[in-house]
Amino acid sequence: MTESEFRTLLKTSPRGRFLFYGEEDYLKHHYLAQLRAAVLAECPPGLEALNRITVTLEDGDIAAVESALLSPPMMAPAKIVEITPP
């Protein structure tokens with residue numbers, strides 16, 4: 001997916017799995033913040049924190065990642081799961 005395609009996707013209801021990688025940390029953080037805002041904009045007020053899950057991947061702890069990915073969104077159409085390195 002190109003940067004242009006991703007920006008277009010952000011204007012709709014973004015769904016799927018996205019991996020932000022590359023040398024430009026600023027751009028990775030920028031587009032993650034935009035994706036987060038787009039997904040959480042669909043949440044009822046006050047439920048944004050319940051639909052944003054951040055998992056730090058430590059020592060290969062895949063169980064925490066699996067649990068976060070498999071849990072349903074809380075009273076919203078979607079959630080965002082952010083997996084970060086330790």
So, using ring pair (Phe, Tyr, Trp, His ring centres under 6.0 Å) as the criterion, who are the partners of Tyr21 when residues are at least two apart?
none
Pairing residues for Ser71 by the side chain to side chain contact (heavy atoms under 4.5 Å, CB included) criterion, not counting sequence neighbours
Ile53, Lys79
Ile83: partners by side chain to side chain contact (heavy atoms under 4.5 Å, CB included), with sequence neighbours left out
Leu57, Val65, Val81
Tell me which pairs pass salt bridge (Lys or Arg N to Asp or Glu O under 4.0 Å) where either residue lies in residues 45-58, with sequence neighbours left out.
Arg52-Glu82
Kindly write out the residues that satisfy side chain to side chain contact (heavy atoms under 4.5 Å, CB included) with Arg15, not counting sequence neighbours, or none if the list is empty.
Ser13, Glu42, Pro77, Ala78
Indicate yes or no: at least one non-hydrogen side-chain atom of Val39 is less than 4.5 angstrom from one of Asn51.
no
Kindly work out whether a path of hydrophobic side-chain contacts (I/L/V/M/F/W/Y, heavy atoms less than 4.5 Å apart) joins Val55 to Ile80.
no
With clusters built from Ile, Leu, Val, Met, Phe, Trp and Tyr whose side-chain heavy atoms come within less than 4.5 Å, directly or transitively, what are the remaining members of the cluster of Leu47, listed by chain and number?
Leu50, Met74, Met75
Would you compute the distance between atom CG of Leu69 and atom CZ of Arg17 and round it to the nearest 0.5 angstrom?
7.5 Å
Compare every heavy atom of Thr12 with every heavy atom of Leu9, then report the nearest pair and how far apart it is.
O-OG1, 2.8 Å
Per the salt bridge (Lys or Arg N to Asp or Glu O under 4.0 Å) rule, what does the pair list look like for residues 63-78, sequence neighbours excluded?
none
Is the closest side-chain heavy-atom distance between Thr56 and Pro85 below 4.5 Å?
no
If the condition is ring pair (Phe, Tyr, Trp, His ring centres under 6.0 Å), which residues does His29 pass it with, not counting sequence neighbours?
none
Apply the hydrophobic cluster definition, ILVMFWY joined by side-chain contacts under 4.5 Å directly or through others, and give me every member besides Leu70.
none
Please determine whether the number of non-hydrogen atoms from other residues, nucleotides or ligands lying under 6.0 Å from atom CD of Gln34 exceeds 12.
yes
Please name all residues satisfying side chain to side chain contact (heavy atoms under 4.5 Å, CB included) with Arg7, sequence neighbours left out, ordered by chain then number.
Glu3, Ser4, Tyr31
List the steps and the verdict of side chain to side chain contact (heavy atoms under 4.5 Å, CB included) for Phe20 and Leu27.
CA-CA 9 Å; Phe20 297 104; Leu27 288 176; over 6 Å; no
